[in-house]
Amino acid sequence: MQTQRTFLLLHTRDLVRLRFRGACLGLAWNILQPALYLVMLGLVFSVVNRSNYADFVVYLFAGLVPWRFFEQACDAMTASIASSAVFTRGFRVPYFYFPASELGAQLTDFLVSFVTLLAVLQIFHASWHLQMLILPLSVLVWLLITAGAGLCLSVIFVFFRDIRPIVQMGLMLALFSSTVFFKPATLSGRAGHIWLTVNPVCYWAALFQKPIYYGVWPLPVDWGVSLASGVGLLVLGTILYRSLRHKFYFYF
Amino acid sequence: MTPALELHDVSVRFRDTNLRHYTLKQALANLFDRRRPAVVAALDGVSLTIGEGQSVGIIGRNGAGKSTLLRVMGEIIIPNRGRLVAHRRVVPLLALGVGFHPEMTGRENCYLVGTLLGFSPARTTARLAGIAEFAEMAEFLDTPVKNYSSGMYARLAFSLVTEVEPEILLLDEILGVGDEFFQRKSQERLQQLMRRGATTVIVSHNLDYLVAQCDRLIWLDQGKVVADGAAAEVALAYRARLGRSAGPKGAP
(Lines give C-alpha, C1' and ligand atoms only; values in the text may rest on other atoms or scores of the structure.)
Protein backbone atom coordinates (compact mmCIF):
# COMPACT_ATOMS: atom_id res chain seq x y z
CA MET A 1 0.00 0.00 0.00
CA GLN A 2 2.93 2.32 0.73
CA THR A 3 4.21 1.98 -2.84
CA GLN A 4 0.67 2.52 -4.18
CA ARG A 5 0.60 5.85 -2.38
CA THR A 6 3.97 6.58 -3.96
CA PHE A 7 2.27 5.93 -7.31
CA LEU A 8 -0.20 8.69 -6.47
CA LEU A 9 2.64 11.14 -5.79
CA LEU A 10 4.67 10.14 -8.86
CA HIS A 11 1.62 10.27 -11.12
CA THR A 12 0.71 13.74 -9.85
CA ARG A 13 4.28 14.91 -10.46
CA ASP A 14 4.27 13.39 -13.94
CA LEU A 15 0.99 15.12 -14.82
CA VAL A 16 2.53 18.48 -13.91
CA ARG A 17 5.70 17.64 -15.86
CA LEU A 18 3.87 16.41 -18.95
CA ARG A 19 1.79 19.56 -19.19
CA PHE A 20 4.86 21.73 -19.55
CA ARG A 21 7.18 19.32 -21.34
CA GLY A 22 8.01 20.79 -24.71
CA ALA A 23 6.53 24.20 -23.87
CA CYS A 24 9.17 26.81 -24.69
CA LEU A 25 8.61 28.69 -21.43
CA GLY A 26 8.31 25.53 -19.33
CA LEU A 27 7.13 26.09 -15.80
CA ALA A 28 7.23 29.87 -16.24
CA TRP A 29 4.13 29.42 -18.38
CA ASN A 30 2.43 28.30 -15.19
CA ILE A 31 2.75 31.84 -13.85
CA LEU A 32 2.35 33.78 -17.08
CA GLN A 33 -0.77 32.05 -18.35
CA PRO A 34 -3.09 32.76 -15.39
CA ALA A 35 -1.60 36.24 -14.94
CA LEU A 36 -2.27 37.23 -18.58
CA TYR A 37 -5.75 35.67 -18.46
CA LEU A 38 -6.68 37.57 -15.33
CA VAL A 39 -5.20 40.88 -16.47
CA MET A 40 -7.18 40.73 -19.73
CA LEU A 41 -10.41 39.80 -17.97
CA GLY A 42 -9.80 42.54 -15.43
CA LEU A 43 -9.43 45.07 -18.22
CA VAL A 44 -12.68 44.01 -19.92
CA PHE A 45 -14.81 43.65 -16.83
CA SER A 46 -13.62 46.81 -15.12
CA VAL A 47 -15.30 48.57 -18.07
CA VAL A 48 -18.47 46.45 -17.72
CA ASN A 49 -18.56 47.08 -13.98
CA ARG A 50 -17.64 50.76 -14.49
CA SER A 51 -14.91 50.35 -11.89
CA ASN A 52 -11.44 51.65 -11.42
CA TYR A 53 -9.14 49.13 -13.17
CA ALA A 54 -6.68 48.69 -10.29
CA ASP A 55 -9.50 48.29 -7.79
CA PHE A 56 -11.43 45.86 -9.96
CA VAL A 57 -8.39 43.71 -10.79
CA VAL A 58 -7.86 43.06 -7.09
CA TYR A 59 -11.55 42.20 -6.66
CA LEU A 60 -11.52 39.95 -9.73
CA PHE A 61 -8.29 38.18 -8.82
CA ALA A 62 -9.60 37.43 -5.34
CA GLY A 63 -12.57 35.51 -6.77
CA LEU A 64 -11.17 34.24 -10.02
CA VAL A 65 -8.01 32.57 -8.72
CA PRO A 66 -9.92 29.98 -6.64
CA TRP A 67 -12.64 29.74 -9.33
CA ARG A 68 -10.10 28.90 -12.03
CA PHE A 69 -8.72 26.17 -9.80
CA PHE A 70 -12.23 24.77 -9.31
CA GLU A 71 -13.10 25.00 -13.00
CA GLN A 72 -9.85 23.57 -14.34
CA ALA A 73 -9.64 20.82 -11.73
CA CYS A 74 -13.25 19.77 -12.45
CA ASP A 75 -12.48 19.65 -16.16
CA ALA A 76 -9.28 17.63 -15.68
CA MET A 77 -10.85 15.27 -13.11
CA THR A 78 -13.92 14.61 -15.28
CA ALA A 79 -12.11 12.35 -17.77
CA SER A 80 -9.53 11.04 -15.32
CA ILE A 81 -11.10 7.65 -14.49
CA ALA A 82 -12.21 7.00 -18.07
CA SER A 83 -8.72 7.69 -19.38
CA SER A 84 -6.95 5.68 -16.69
CA ALA A 85 -7.40 2.44 -18.65
CA VAL A 86 -3.72 2.41 -19.54
CA PHE A 87 -3.06 1.59 -15.87
CA THR A 88 -6.29 0.17 -14.51
CA ARG A 89 -6.73 -2.49 -17.21
CA GLY A 90 -3.34 -3.94 -16.32
CA PHE A 91 -2.77 -3.38 -12.64
CA ARG A 92 -4.64 -3.23 -9.39
CA VAL A 93 -4.81 0.46 -8.62
CA PRO A 94 -7.73 2.23 -6.95
CA TYR A 95 -9.62 4.25 -9.55
CA PHE A 96 -9.93 7.27 -7.27
CA TYR A 97 -6.16 7.79 -7.52
CA PHE A 98 -6.68 9.30 -10.97
CA PRO A 99 -9.04 12.15 -10.05
CA ALA A 100 -6.89 12.64 -6.95
CA SER A 101 -3.73 12.98 -9.11
CA GLU A 102 -5.44 15.52 -11.36
CA LEU A 103 -6.58 17.43 -8.29
CA GLY A 104 -3.00 17.43 -6.99
CA ALA A 105 -1.63 18.66 -10.32
CA GLN A 106 -4.22 21.46 -10.47
CA LEU A 107 -3.48 22.35 -6.86
CA THR A 108 0.11 23.04 -7.91
CA ASP A 109 -1.19 25.50 -10.52
CA PHE A 110 -3.51 27.01 -7.93
CA LEU A 111 -0.67 27.64 -5.51
CA VAL A 112 1.38 29.27 -8.27
CA SER A 113 -1.65 31.41 -9.22
CA PHE A 114 -2.04 32.28 -5.56
CA VAL A 115 1.51 33.64 -5.51
CA THR A 116 0.63 35.60 -8.67
CA LEU A 117 -2.39 36.98 -6.82
CA LEU A 118 -0.16 38.19 -4.00
CA ALA A 119 2.13 39.81 -6.58
CA VAL A 120 -0.89 41.57 -8.12
CA LEU A 121 -1.84 42.94 -4.70
CA GLN A 122 1.64 44.34 -4.39
CA ILE A 123 1.70 45.79 -7.92
CA PHE A 124 -1.66 47.50 -7.53
CA HIS A 125 -0.82 48.78 -4.06
CA ALA A 126 -3.74 46.96 -2.51
CA SER A 127 -3.97 46.86 1.26
CA TRP A 128 -2.66 43.87 3.15
CA HIS A 129 -5.27 42.87 5.69
CA LEU A 130 -4.88 40.85 8.88
CA GLN A 131 -7.90 38.82 7.73
CA MET A 132 -5.78 37.36 4.92
CA LEU A 133 -4.24 35.04 7.50
CA ILE A 134 -7.44 33.00 7.19
CA LEU A 135 -6.73 32.24 3.51
CA PRO A 136 -5.06 28.81 4.04
CA LEU A 137 -8.36 27.71 5.58
CA SER A 138 -10.24 29.11 2.60
CA VAL A 139 -7.95 27.12 0.28
CA LEU A 140 -8.79 23.94 2.23
CA VAL A 141 -12.53 24.55 1.87
CA TRP A 142 -12.19 25.17 -1.89
CA LEU A 143 -10.10 22.00 -2.10
CA LEU A 144 -12.89 20.06 -0.40
CA ILE A 145 -15.54 21.49 -2.76
CA THR A 146 -13.39 20.75 -5.81
CA ALA A 147 -12.56 17.21 -4.65
CA GLY A 148 -16.26 16.44 -4.19
CA ALA A 149 -17.42 17.95 -7.49
CA GLY A 150 -14.52 16.38 -9.41
CA LEU A 151 -15.11 12.92 -7.95
CA CYS A 152 -18.82 13.07 -8.88
CA LEU A 153 -18.00 14.17 -12.43
CA SER A 154 -15.24 11.58 -12.91
CA VAL A 155 -17.66 8.76 -12.00
CA ILE A 156 -20.55 10.09 -14.11
CA PHE A 157 -18.25 10.63 -17.12
CA VAL A 158 -17.38 6.90 -17.24
CA PHE A 159 -21.02 6.18 -18.17
CA PHE A 160 -21.92 9.38 -20.01
CA ARG A 161 -19.06 10.56 -22.20
CA ASP A 162 -21.00 13.52 -23.55
CA ILE A 163 -21.43 15.38 -20.26
CA ARG A 164 -18.26 17.44 -20.61
CA PRO A 165 -19.75 20.29 -22.70
CA ILE A 166 -22.79 20.33 -20.40
CA VAL A 167 -20.50 20.67 -17.37
CA GLN A 168 -18.44 23.39 -19.05
CA MET A 169 -21.58 25.32 -19.88
CA GLY A 170 -22.87 24.90 -16.33
CA LEU A 171 -19.60 26.17 -14.90
CA MET A 172 -19.65 29.16 -17.22
CA LEU A 173 -23.20 30.01 -16.16
CA ALA A 174 -22.27 29.62 -12.50
CA LEU A 175 -19.31 31.94 -12.99
CA PHE A 176 -21.15 34.69 -14.83
CA SER A 177 -24.10 34.66 -12.46
CA SER A 178 -22.07 34.96 -9.30
CA THR A 179 -20.09 37.52 -7.40
CA VAL A 180 -16.85 36.10 -8.78
CA PHE A 181 -17.19 38.46 -11.75
CA PHE A 182 -19.72 41.01 -10.62
CA LYS A 183 -19.70 43.08 -7.49
CA PRO A 184 -22.86 42.50 -5.42
CA ALA A 185 -23.95 46.08 -6.10
CA THR A 186 -24.18 45.29 -9.84
CA LEU A 187 -26.90 42.69 -9.15
CA SER A 188 -29.35 45.14 -7.62
CA GLY A 189 -33.08 44.79 -6.95
CA ARG A 190 -35.06 42.12 -5.16
CA ALA A 191 -34.38 39.37 -7.71
CA GLY A 192 -30.65 40.11 -7.59
CA HIS A 193 -30.68 39.97 -3.80
CA ILE A 194 -32.50 36.63 -3.77
CA TRP A 195 -30.10 35.23 -6.34
CA LEU A 196 -27.07 36.26 -4.29
CA THR A 197 -28.65 34.61 -1.24
CA VAL A 198 -29.37 31.25 -2.88
CA ASN A 199 -26.29 30.95 -5.11
CA PRO A 200 -23.68 28.91 -3.18
CA VAL A 201 -20.86 30.14 -5.43
CA CYS A 202 -21.23 33.60 -3.86
CA TYR A 203 -20.51 32.13 -0.43
CA TRP A 204 -17.53 30.17 -1.78
CA ALA A 205 -16.15 33.35 -3.39
CA ALA A 206 -16.63 35.27 -0.15
CA LEU A 207 -14.00 33.10 1.53
CA PHE A 208 -11.37 34.80 -0.66
CA GLN A 209 -12.96 38.14 -1.53
CA LYS A 210 -13.81 39.21 2.02
CA PRO A 211 -10.30 38.83 3.50
CA ILE A 212 -8.46 40.06 0.39
CA TYR A 213 -10.65 42.80 -1.10
CA TYR A 214 -12.97 43.94 1.69
CA GLY A 215 -10.58 43.30 4.56
CA VAL A 216 -13.25 41.62 6.70
CA TRP A 217 -13.61 38.12 8.10
CA PRO A 218 -15.92 35.77 6.15
CA LEU A 219 -19.23 35.33 7.97
CA PRO A 220 -20.21 32.03 9.63
CA VAL A 221 -22.82 31.60 6.89
CA ASP A 222 -20.05 31.79 4.25
CA TRP A 223 -18.10 29.04 6.00
CA GLY A 224 -21.25 27.02 6.68
CA VAL A 225 -22.58 27.03 3.11
CA SER A 226 -19.13 26.38 1.63
CA LEU A 227 -18.32 23.53 4.02
CA ALA A 228 -21.77 22.00 3.53
CA SER A 229 -21.30 22.19 -0.27
CA GLY A 230 -17.90 20.51 -0.02
CA VAL A 231 -18.95 17.77 2.38
CA GLY A 232 -22.19 17.17 0.47
CA LEU A 233 -20.40 16.85 -2.87
CA LEU A 234 -17.70 14.61 -1.41
CA VAL A 235 -20.25 12.31 0.24
CA LEU A 236 -22.23 12.12 -3.00
CA GLY A 237 -19.04 11.41 -4.99
CA THR A 238 -17.98 8.70 -2.54
CA ILE A 239 -21.39 7.01 -2.71
CA LEU A 240 -21.36 7.09 -6.52
CA TYR A 241 -17.79 5.82 -6.63
CA ARG A 242 -18.29 2.97 -4.19
CA SER A 243 -21.52 1.77 -5.75
CA LEU A 244 -20.35 1.94 -9.38
CA ARG A 245 -16.61 1.18 -9.35
CA HIS A 246 -17.13 -2.53 -10.12
CA LYS A 247 -18.66 -1.48 -13.45
CA PHE A 248 -15.87 0.88 -14.55
CA TYR A 249 -13.75 -1.83 -16.16
CA PHE A 250 -16.50 -2.70 -18.62
CA TYR A 251 -16.97 0.89 -19.78
CA PHE A 252 -13.37 1.56 -20.89
CA MET B 1 -0.67 -27.68 -0.57
CA THR B 2 -0.18 -24.18 0.86
CA PRO B 3 -2.61 -21.88 -0.95
CA ALA B 4 -1.21 -18.87 -2.76
CA LEU B 5 -4.51 -17.72 -4.24
CA GLU B 6 -8.10 -18.72 -3.49
CA LEU B 7 -11.30 -17.93 -5.35
CA HIS B 8 -14.60 -18.63 -3.65
CA ASP B 9 -17.76 -18.75 -5.77
CA VAL B 10 -16.64 -15.87 -7.98
CA SER B 11 -19.08 -14.50 -10.55
CA VAL B 12 -18.56 -11.65 -12.98
CA ARG B 13 -21.53 -10.39 -14.97
CA PHE B 14 -21.89 -7.43 -17.26
CA ARG B 15 -24.42 -5.99 -19.66
CA ASP B 16 -24.34 -6.95 -23.31
CA THR B 17 -22.08 -4.43 -25.06
CA ASN B 18 -24.58 -3.86 -27.87
CA LEU B 19 -27.13 -2.38 -25.48
CA ARG B 20 -24.66 -0.63 -23.23
CA HIS B 21 -24.77 3.15 -23.40
CA TYR B 22 -21.76 5.41 -23.31
CA THR B 23 -23.48 8.76 -23.64
CA LEU B 24 -26.34 10.58 -21.99
CA LYS B 25 -27.98 10.79 -25.41
CA GLN B 26 -27.90 6.98 -25.81
CA ALA B 27 -29.16 6.50 -22.24
CA LEU B 28 -32.13 8.78 -22.90
CA ALA B 29 -32.86 7.01 -26.20
CA ASN B 30 -32.69 3.64 -24.38
CA LEU B 31 -35.47 4.79 -22.04
CA PHE B 32 -37.86 4.12 -24.90
CA ASP B 33 -36.20 0.83 -25.92
CA ARG B 34 -38.32 -2.04 -24.63
CA ARG B 35 -35.55 -4.62 -25.06
CA ARG B 36 -34.07 -5.74 -21.76
CA PRO B 37 -30.27 -5.57 -21.87
CA ALA B 38 -28.84 -9.09 -21.82
CA VAL B 39 -26.52 -9.91 -18.95
CA VAL B 40 -23.40 -11.84 -19.88
CA ALA B 41 -21.86 -14.13 -17.27
CA ALA B 42 -18.11 -13.97 -17.90
CA LEU B 43 -17.50 -16.08 -14.79
CA ASP B 44 -20.17 -18.12 -13.09
CA GLY B 45 -19.52 -19.41 -9.57
CA VAL B 46 -15.84 -20.24 -10.01
CA SER B 47 -14.11 -21.68 -6.95
CA LEU B 48 -10.51 -22.84 -7.01
CA THR B 49 -7.31 -22.80 -5.02
CA ILE B 50 -3.88 -22.32 -6.53
CA GLY B 51 -1.04 -23.62 -4.45
CA GLU B 52 2.31 -22.01 -3.81
CA GLY B 53 4.82 -22.78 -6.52
CA GLN B 54 2.24 -24.27 -8.87
CA SER B 55 2.35 -23.53 -12.56
CA VAL B 56 -1.19 -23.34 -13.82
CA GLY B 57 -2.42 -22.97 -17.38
CA ILE B 58 -5.90 -21.77 -18.25
CA ILE B 59 -7.48 -23.00 -21.46
CA GLY B 60 -10.79 -22.56 -23.20
CA ARG B 61 -12.33 -21.17 -26.35
CA ASN B 62 -12.60 -17.45 -27.08
CA GLY B 63 -15.06 -15.84 -24.67
CA ALA B 64 -14.79 -18.70 -22.16
CA GLY B 65 -13.76 -16.28 -19.39
CA LYS B 66 -10.00 -16.98 -19.27
CA SER B 67 -8.83 -13.38 -19.36
CA THR B 68 -11.60 -12.32 -16.99
CA LEU B 69 -10.46 -14.98 -14.53
CA LEU B 70 -6.89 -13.73 -14.74
CA ARG B 71 -8.05 -10.16 -14.18
CA VAL B 72 -10.07 -11.19 -11.14
CA MET B 73 -6.95 -12.93 -9.78
CA GLY B 74 -5.03 -9.68 -10.35
CA GLU B 75 -7.80 -7.71 -8.56
CA ILE B 76 -8.30 -5.68 -11.72
CA ILE B 77 -11.92 -6.73 -12.18
CA ILE B 78 -14.05 -6.57 -9.06
CA PRO B 79 -16.40 -9.62 -9.06
CA ASN B 80 -20.15 -9.14 -8.61
CA ARG B 81 -20.21 -12.10 -6.26
CA GLY B 82 -17.72 -14.21 -4.36
CA ARG B 83 -14.31 -13.33 -3.03
CA LEU B 84 -10.64 -13.61 -3.79
CA VAL B 85 -7.97 -14.25 -1.20
CA ALA B 86 -4.38 -13.58 -2.33
CA HIS B 87 -1.83 -14.90 0.16
CA ARG B 88 1.10 -13.69 -1.91
CA ARG B 89 1.96 -10.60 -3.98
CA VAL B 90 0.35 -10.84 -7.39
CA VAL B 91 2.08 -9.33 -10.43
CA PRO B 92 0.06 -9.24 -13.64
CA LEU B 93 1.42 -9.00 -17.17
CA LEU B 94 -1.81 -9.07 -19.08
CA ALA B 95 -1.57 -7.22 -22.32
CA LEU B 96 0.71 -5.19 -24.47
CA GLY B 97 -0.02 -1.50 -24.32
CA VAL B 98 -1.23 -1.66 -20.75
CA GLY B 99 0.59 -0.05 -17.88
CA PHE B 100 2.88 2.36 -19.71
CA HIS B 101 1.90 5.97 -20.24
CA PRO B 102 2.70 6.69 -23.91
CA GLU B 103 3.88 10.27 -23.34
CA MET B 104 6.34 9.32 -20.63
CA THR B 105 9.79 7.86 -21.12
CA GLY B 106 10.67 4.24 -20.47
CA ARG B 107 12.57 5.28 -17.36
CA GLU B 108 9.64 7.31 -15.94
CA ASN B 109 7.28 4.43 -16.68
CA CYS B 110 9.55 1.98 -14.88
CA TYR B 111 9.39 4.12 -11.75
CA LEU B 112 5.64 4.65 -12.02
CA VAL B 113 4.65 1.07 -12.83
CA GLY B 114 7.29 -0.17 -10.38
CA THR B 115 5.24 1.36 -7.55
CA LEU B 116 2.17 -0.60 -8.74
CA LEU B 117 4.27 -3.76 -8.60
CA GLY B 118 5.43 -3.09 -5.06
CA PHE B 119 8.79 -1.45 -5.82
CA SER B 120 9.81 1.76 -4.08
CA PRO B 121 11.58 4.35 -6.31
CA ALA B 122 14.87 3.56 -4.53
CA ARG B 123 14.47 -0.12 -5.35
CA THR B 124 13.64 0.67 -8.97
CA THR B 125 16.79 2.81 -9.18
CA ALA B 126 18.83 -0.12 -7.91
CA ARG B 127 17.30 -2.51 -10.48
CA LEU B 128 16.93 -0.17 -13.45
CA ALA B 129 20.23 -1.13 -15.07
CA GLY B 130 19.26 -4.82 -14.88
CA ILE B 131 15.81 -4.11 -16.32
CA ALA B 132 17.26 -2.13 -19.24
CA GLU B 133 19.97 -4.71 -19.87
CA PHE B 134 17.55 -7.66 -20.00
CA ALA B 135 15.21 -5.68 -22.28
CA GLU B 136 18.23 -4.62 -24.40
CA MET B 137 17.01 -1.06 -24.22
CA ALA B 138 19.58 0.90 -22.24
CA GLU B 139 19.93 3.53 -24.98
CA PHE B 140 16.14 4.01 -25.36
CA LEU B 141 15.25 4.37 -21.71
CA ASP B 142 14.84 8.14 -22.00
CA THR B 143 12.71 7.96 -25.15
CA PRO B 144 8.92 8.43 -24.77
CA VAL B 145 7.20 5.06 -24.87
CA LYS B 146 4.95 6.22 -27.75
CA ASN B 147 8.02 5.97 -29.98
CA TYR B 148 8.70 2.33 -29.08
CA SER B 149 7.93 -0.55 -31.40
CA SER B 150 5.60 -3.24 -30.03
CA GLY B 151 8.62 -5.51 -29.53
CA MET B 152 10.50 -2.88 -27.50
CA TYR B 153 7.40 -2.26 -25.46
CA ALA B 154 6.95 -5.94 -24.70
CA ARG B 155 10.62 -6.40 -23.81
CA LEU B 156 10.59 -3.56 -21.31
CA ALA B 157 7.27 -4.65 -19.77
CA PHE B 158 8.38 -8.27 -19.41
CA SER B 159 11.77 -7.27 -18.04
CA LEU B 160 10.17 -4.98 -15.45
CA VAL B 161 7.55 -7.41 -14.12
CA THR B 162 9.97 -10.31 -13.89
CA GLU B 163 12.67 -8.16 -12.25
CA VAL B 164 10.34 -7.39 -9.33
CA GLU B 165 10.50 -11.11 -8.40
CA PRO B 166 6.78 -11.83 -8.41
CA GLU B 167 5.40 -14.35 -5.97
CA ILE B 168 2.41 -14.95 -8.22
CA LEU B 169 2.85 -14.05 -11.90
CA LEU B 170 -0.19 -13.78 -14.18
CA LEU B 171 0.49 -13.94 -17.93
CA ASP B 172 -2.10 -13.48 -20.65
CA GLU B 173 -1.02 -14.53 -24.15
CA ILE B 174 2.00 -12.29 -24.17
CA LEU B 175 4.82 -14.80 -24.41
CA GLY B 176 4.75 -14.77 -28.19
CA VAL B 177 5.93 -11.18 -28.44
CA GLY B 178 9.31 -9.87 -29.50
CA ASP B 179 11.74 -11.64 -31.80
CA GLU B 180 12.62 -15.30 -31.50
CA PHE B 181 15.75 -14.54 -29.50
CA PHE B 182 13.79 -12.55 -26.93
CA GLN B 183 11.05 -15.17 -26.77
CA ARG B 184 13.67 -17.78 -25.81
CA LYS B 185 15.23 -15.42 -23.32
CA SER B 186 11.89 -14.58 -21.70
CA GLN B 187 10.92 -18.24 -21.42
CA GLU B 188 14.24 -19.00 -19.74
CA ARG B 189 13.59 -16.24 -17.24
CA LEU B 190 10.09 -17.55 -16.63
CA GLN B 191 11.47 -21.02 -15.93
CA GLN B 192 14.02 -19.49 -13.56
CA LEU B 193 11.19 -17.83 -11.65
CA MET B 194 9.28 -21.12 -11.49
CA ARG B 195 12.36 -22.93 -10.20
CA ARG B 196 12.69 -20.30 -7.48
CA GLY B 197 9.16 -21.13 -6.37
CA ALA B 198 7.07 -18.42 -8.03
CA THR B 199 3.47 -19.36 -8.72
CA THR B 200 2.52 -18.77 -12.35
CA VAL B 201 -0.87 -18.64 -14.00
CA ILE B 202 -0.74 -18.54 -17.80
CA VAL B 203 -3.57 -18.03 -20.27
CA SER B 204 -2.73 -19.27 -23.74
CA HIS B 205 -4.21 -20.95 -26.78
CA ASN B 206 -0.92 -22.79 -27.28
CA LEU B 207 -1.83 -26.09 -25.66
CA ASP B 208 1.55 -27.74 -26.32
CA TYR B 209 3.33 -24.88 -24.62
CA LEU B 210 1.03 -25.06 -21.59
CA VAL B 211 1.43 -28.85 -21.26
CA ALA B 212 5.21 -28.42 -21.37
CA GLN B 213 5.28 -25.52 -18.87
CA CYS B 214 2.44 -26.23 -16.46
CA ASP B 215 1.74 -28.97 -13.98
CA ARG B 216 -1.97 -28.15 -13.85
CA LEU B 217 -4.55 -27.04 -16.38
CA ILE B 218 -7.92 -25.41 -15.77
CA TRP B 219 -10.40 -25.64 -18.64
CA LEU B 220 -13.05 -22.96 -18.73
CA ASP B 221 -16.18 -22.84 -20.82
CA GLN B 222 -18.90 -20.20 -20.64
CA GLY B 223 -17.50 -18.90 -17.38
CA LYS B 224 -17.50 -22.26 -15.61
CA VAL B 225 -14.72 -24.70 -14.76
CA VAL B 226 -15.16 -27.77 -16.98
CA ALA B 227 -12.03 -29.60 -15.86
CA ASP B 228 -9.20 -28.95 -13.44
CA GLY B 229 -6.31 -31.35 -13.03
CA ALA B 230 -3.00 -32.68 -14.30
CA ALA B 231 -1.95 -30.80 -17.44
CA ALA B 232 -1.66 -33.87 -19.72
CA GLU B 233 -5.07 -35.27 -18.71
CA VAL B 234 -6.99 -32.00 -19.09
CA ALA B 235 -5.25 -31.29 -22.41
CA LEU B 236 -6.30 -34.74 -23.68
CA ALA B 237 -9.92 -34.18 -22.69
CA TYR B 238 -9.88 -30.68 -24.20
CA ARG B 239 -8.44 -31.96 -27.48
CA ALA B 240 -11.06 -34.72 -27.56
CA ARG B 241 -13.83 -32.14 -27.13
CA LEU B 242 -12.30 -29.88 -29.78
CA GLY B 243 -12.06 -32.87 -32.13
CA ARG B 244 -15.72 -33.73 -31.56
CA SER B 245 -16.94 -30.19 -32.06
CA ALA B 246 -14.77 -29.73 -35.18
CA GLY B 247 -15.54 -33.25 -36.53
CA PRO B 248 -18.57 -32.84 -38.76
CA LYS B 249 -17.34 -29.60 -40.35
CA GLY B 250 -13.64 -30.46 -40.48
CA ALA B 251 -14.06 -34.00 -41.88
CA PRO B 252 -12.79 -34.40 -45.43
Side-chain angles (χ1 to χ4, degrees), chain A residues 1-23 78-80 82-95 97-98 101 153 156-167 169-170 241-252, chain B residues 12-15 17 20-28 40 42 67-68 71-81 86 89-105 108-109 111-124 144-145 157 161 164 170 172:
Chain A
M1 280 316 290
Q2 177 60 44
T3 57
Q4 287 224 331
R5 279 193 289 272
T6 311
F7 171 84
L8 185 59
L9 292 175
L10 288 182
H11 191 237
T12 306
R13 185 202 64 186
D14 291 335
L15 285 175
V16 176
R17 270 188 187 173
L18 282 175
R19 218 136 24 96
F20 299 101
R21 183 172 289 173
T78 296
S80 60
S83 56
S84 71
V86 67
F87 297 111
T88 51
R89 282 183 80 87
F91 298 101
R92 185 179 76 90
V93 46
Y95 291 105
Y97 276 19
F98 297 94
S101 297
L153 290 170
I156 296 168
F157 185 80
V158 174
F159 305 99
F160 305 115
R161 302 293 168 94
D162 53 351
I163 60 158
R164 210 170 193 167
I166 301 170
V167 171
M169 198 169 68
Y241 174 80
R242 290 183 70 88
S243 56
L244 295 168
R245 64 183 164 164
H246 68 282
K247 292 185 178 177
F248 292 165
Y249 182 89
F250 301 105
Y251 279 81
F252 288 150
Chain B
V12 174
R13 293 163 196 277
F14 54 85
R15 286 168 123 193
T17 46
R20 194 183 296 162
H21 57 73
Y22 291 94
T23 63
L24 192 58
K25 187 179 158 191
Q26 284 173 334
L28 292 172
V40 179
S67 296
T68 306
R71 279 160 178 77
V72 168
M73 289 176 177
E75 294 180 75
I76 293 158
I77 290 181
I78 305 163
N80 301 79
R81 204 183 69 199
R89 190 162 51 88
V90 180
V91 170
L93 183 54
L94 302 182
L96 264 181
V98 169
F100 285 169
H101 193 298
E103 296 294 331
M104 284 155 50
T105 66
E108 288 167 335
N109 271 301
Y111 280 100
L112 194 60
V113 175
T115 59
L116 294 179
L117 300 172
F119 256 32
S120 65
R123 228 168 144 197
T124 303
V145 162
V161 299
V164 299
L170 310 177
D172 189 359

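All chains are named by letter (A, B, ...) in the order of the sequence lines, taking the proteins before the strands, and each is independently numbered beginning at 1. Just so we're clear, the structure is a prediction, and the values are computed from it rather than from any experiment. Every heavy atom of this structure was used, including side-chain atoms; hydrogens, water molecules and symmetry mates were not.
The CD1 atom of Ile77(B) lies 4.5 Å from the OH atom of Tyr249(A); values are rounded to the nearest 0.5 Å. In this structure, CZ in Phe87(A) is found 6.0 Å from NE2 in His101(B), a value given to the nearest 0.5 Å. Here Asn80(B) contributes atom CG and His246(A) contributes atom NE2; the two are 5.5 Å apart, rounded to the nearest 0.5 Å. Interatomic distance, His11(A) NE2 to Leu112(B) CG, rounded to the nearest 0.5 Å: 6.0 Å.
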Where do Tyr111(B) and Leu10(A) land on the side chain to side chain contact (heavy atoms under 4.5 Å, CB included) test, with the steps shown first? CA-CA 8 Å; Tyr111(B) 280 100; Leu10(A) 288 182; 4.3 Å; yes
Pair Glu108(B)-Arg17(A), side chain to side chain contact (heavy atoms under 4.5 Å, CB included): steps then yes or no: CA-CA 11 Å; Glu108(B) 288 167 335; Arg17(A) 270 188 187 173; 3.2 Å; yes
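Contacts of Arg245(A) with chain B are made by both backbone and side-chain atoms, with heavy-atom separations under 4.5 Å. Both the backbone and the side chain of Phe91(A) come within contact range of chain B, each with at least one heavy atom under 4.5 Å from a heavy atom of that chain. Only the side chain of Val12(B) comes within contact range of chain A, with at least one heavy atom under 4.5 Å from a heavy atom of that chain. Interface remark: Val113(B) contributes side-chain atoms only to the contact with chain A (heavy atom separation under 4.5 Å).
Each of Ile78(B), Leu170(B), Ile76(B) has some count of heavy-atom pairs under 4.5 Å with chain A, and the biggest count is that of Ile76(B). Residue with the most contacts toward chain B among Asp162(A), Thr88(A), Ile166(A): Asp162(A) (heavy-atom pairs, distance under 4.5 Å). Of the listed residues (Asp14(A), Leu9(A), Ile163(A)), the one with the most heavy-atom contacts under 4.5 Å to chain B is Asp14(A).
For Leu8(A), the side-chain contact (heavy atoms from CB on, under 4.5 Å) partners at least two apart in sequence or on another chain are Tyr97(A), Ala100(A), Ser101(A).
For Arg242(A), the CZ atom sits in a loose shell: 12 or fewer heavy atoms of surrounding residues, nucleotides or ligands are nearer than 6.0 Å.
Ring geometry for Phe14(B) versus Phe250(A): interplanar angle under 30°, hence parallel rather than tilted (30 to 60°).
Minimum interatomic distance between Arg92(A) and Leu116(B) (heavy atoms only, all atoms of both residues): O-CD2, 4.4 Å. Between Gly90(A) and Pro92(B), the closest heavy-atom pair is O-CG, 3.2 Å. Taking every heavy atom of both residues into account, Phe7(A) and Thr115(B) meet most closely at CB-OG1, 3.1 Å.
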Show me the side-chain donor-acceptor pairs of residues 117-124 of chain B shorter than 3.5 Å, one per line, residues at least two apart or across chains.
| from | atom 1 | to | atom 2 | distance (Å) |
| --- | --- | --- | --- | --- |
| Ser120(B) | OG | Arg123(B) | N | 3.2 |
| Thr124(B) | OG1 | Ser120(B) | O | 3.2 |

